[in-house]
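To keep things clear, I will list the structure first and then write my remarks on it.
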Amino acid sequence: MLVSFRRIIKMGWKEFSRNMGLSMATIFIMTMVISLATMLFILNPVSKKIVSDVEKRVDVSVYFEEDALEQDIIDAKTEIARIPEVKEIEYISKDQALEIFIDKHKDDPVLIESLTELGYNPFFASLNIKAWSPSQYEQVANLLETGSFKDIISKVDYYQRKSVVEKVFALTDGVNNIGLFLSVILGLIAILIAFNTVRIAIYNSEEEIATMRLVGASNSFVRGPFIVQGIVIGSIAALITFVITFALSYGLDVRLSSLAPEISIFNIFLSNLFLLLLIQLAVGIGLGVISSCIAIRKYLRI
Amino acid sequence: MISIQKVSKIYPSRTNQEPTCALDNVSFDVGEKEFVSIVGRSGAGKTTLLKLILANETPSKGNVIFGGKDVHQIKKSQLSCLRQRIGVVFQDYKLFNSKTAHENVAYVMEVMGADEREIQRDVPQILDLVGLGDKANNFPDELSGGEKQRVGIARALIHRPDVILADEPTGNLDPYHTHGIIELLVKIYSMGTTVILATHDKAVINKLGKRVITLENGKLIRDEEKGRFIC
Ligand SMILES: Nc1ncnc2c1ncn2[C@@H]1O[C@H](COP(=O)(O)OP(=O)(O)O)[C@@H](O)[C@H]1O
Ligand SMILES: [Mg+2]
């Protein structure tokens, strides 16, 4: 048993190294397939992050009348916070609004100067409201319009932005759906290509497989070396992909850091190092072994 | 030991021509430790007959019994046990092209689970015996037709099978090597192995003086002890 196990490994390795050309071609295809799987794996958190970033930027602001009392606004805040759709609510007083403005435009002396010339604080006190999900904003806005404090509200700036907000969400939804669809299609194509490559490689050995059976080899003794080759090819392809992923994610990060500093592909790579290696090995070895087994099956019926 | 019972084999035609009847109601028995030659023109059905014994083809009618069991009732997964008891010299050699001569012969021992020491001892010996001691590390495409044939013979003998099926084992050999191989087969037979030799070589048959079965167009037309080749 142990003897034939060692033998099978040795035979598989010999076949692999003697058919270097074919082995290399198969490794190349496998590397592409595993790269694709890796890309889908990494792109998923990236696109999630982009979508959630966009979602974070959406909110509803309620501006209060010039003469609204601070206490009334605080009461309104408490009441709004009770609405189950509301996730977060923040009070920004007139002074804070001014401060934020000055802070934001401190490099623009013209604006600051005209503000001083104005002689008073032109900003309104406001409540900044975030809902749990984008579809709830409409509801929250409605409640504000009909609430007990509607008299002190100057304006709810949701309706002005409504169309923009909806477009953004339609877009992020679309990105997610198209991404999923493409992943499935590309994944299927990749698997088919990998499977076909292995099948062609084994097709060359069709006659030899028949002869092995005719001289008395059991099915598992015939299959064994091919499975070993599948494992070797899958592992090598996985390791190559791992190195490529490392280099690419590092290089991309350096280039992307000015554009989108909050998204770091390299960090995603680093924090998922072992999971990623595991997935790559699983895809490589799994595809190699399963394709070999399926491809060889029909030649064993002799 | 081997019993061919009313066996017919009809190959269906892949194009729309008539199917070929390769064997037509053939019956005979081969006893243990017997030497039988099967002769006939090319196309008479010799290879087909050997393929049926090896369960490489299934008969259209009749039964093939080997060691008390119907070869074609055995499950495909169990066939390896039967085949390990048979040594085959294929007419078209069927060597493993990606293995050297040494590895081709060793493969059969590996299949049987022989240990490495035995393999290293026996394989060079048998290669020497068929005159290929110096070609052990050549691949089949580095060998001549006759050399390939002798590797095939070595592969069929290496594991001391109960039965040897030799399909035109001298078809590509010069008279010198033909003589050597036939002598080898006779020697193995005299050591207690059943040999079934298919050939159309008149000189070989006439010198042997053993049982001869003659096929013609798939029919068994003659079965004689100490037969001769008659066309
Ligand atoms: N796989 C096959 N398909 C169809 N016809 C075949 C096949 N193998 C052999 N035959 C036919 O069967 C007949 C006997 O062939 P074969 O047994 O190879 O003869 P021999 O070995 O005596 O020369 C021939 O007419 C041949 O054409
Ligand atoms: Mg023939």
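Being a predicted model, the structure only gives us computed values, none of them experimental. Letters go in sequence order (proteins before strands), and every chain restarts at 1.
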Kindly indicate whether the side chain of Arg213(A), heavy atoms from C-beta on, has any atom under 4.5 Å from the side chain of Arg83(B).
yes
Glu57(B), His159(B), Gln78(B), Lys76(B): which one forms the most heavy-atom pairs within less than 4.5 Å of chain A?
Lys76(B)
Sort by residue number and list every member of residues 110-127 of chain B having a non-hydrogen atom under 4.5 Å from chain A.
Glu110(B), Val111(B), Gly113(B), Ala114(B), Asp115(B), Glu116(B), Ile119(B)
Filtered by a 4.5 Å non-hydrogen cutoff, the part of residues 193-204 of chain A contacting chain B is none
Does any backbone or side-chain atom of Ser218(A) lie under 4.5 Å from a heavy atom of chain B? Answer side chain, backbone, both or neither.
both
Could you tell me whether Glu208(A) and Lys94(B) have a side-chain N and a carboxylate O separated by less than 4.0 Å?
no
Please output the residues of residues 139-155 of chain B in contact with chain A, using a heavy-atom cutoff of under 4.5 Å, in numerical order.
Phe139(B), Arg155(B)
Does Ser98(B) offer a backbone N or O that forms a donor-acceptor pair with the side chain of Arg18(A) under 3.5 Å?
yes
Taking non-hydrogen atoms and a cut-off under 4.5 angstrom, which of residues 287-302 of chain A neighbour chain B?
Arg301(A), Ile302(A)
Taking all heavy atoms of Gly216(A) and all of Ser80(B), pick out the closest pair and write down the distance.
O-CB, 3.3 Å
In terms of heavy-atom contacts, does NE2 of His200(B) have more than 12 from other residues, nucleotides or ligands at under 6.0 Å?
no
Evaluate whether atom CE of Met32(A) has more than 12 neighbouring non-hydrogen atoms of other residues, nucleotides or ligands under 6.0 angstrom away.
no
Could you walk me through whether Glu103(B) and Met11(A) pass the side-chain contact (heavy atoms from CB on, under 4.5 Å) check?
CA-CA 10 Å; Glu103(B) 288 164 352; Met11(A) 270 184 214; over 6 Å; no
Supply the atom-to-atom distance Leu214(A) CG to Asn56(B) CG, rounded to the nearest 0.5 angstrom.
4.5 Å
If you tally heavy-atom pairs under 4.5 Å between each of Asn97(B), Leu82(B), Leu79(B) and chain A, the highest tally belongs to Asn97(B)
Please report the interatomic distance OG1(Thr211(A)) to OH(Tyr107(B)), rounded to the nearest 0.5 Å.
9.5 Å
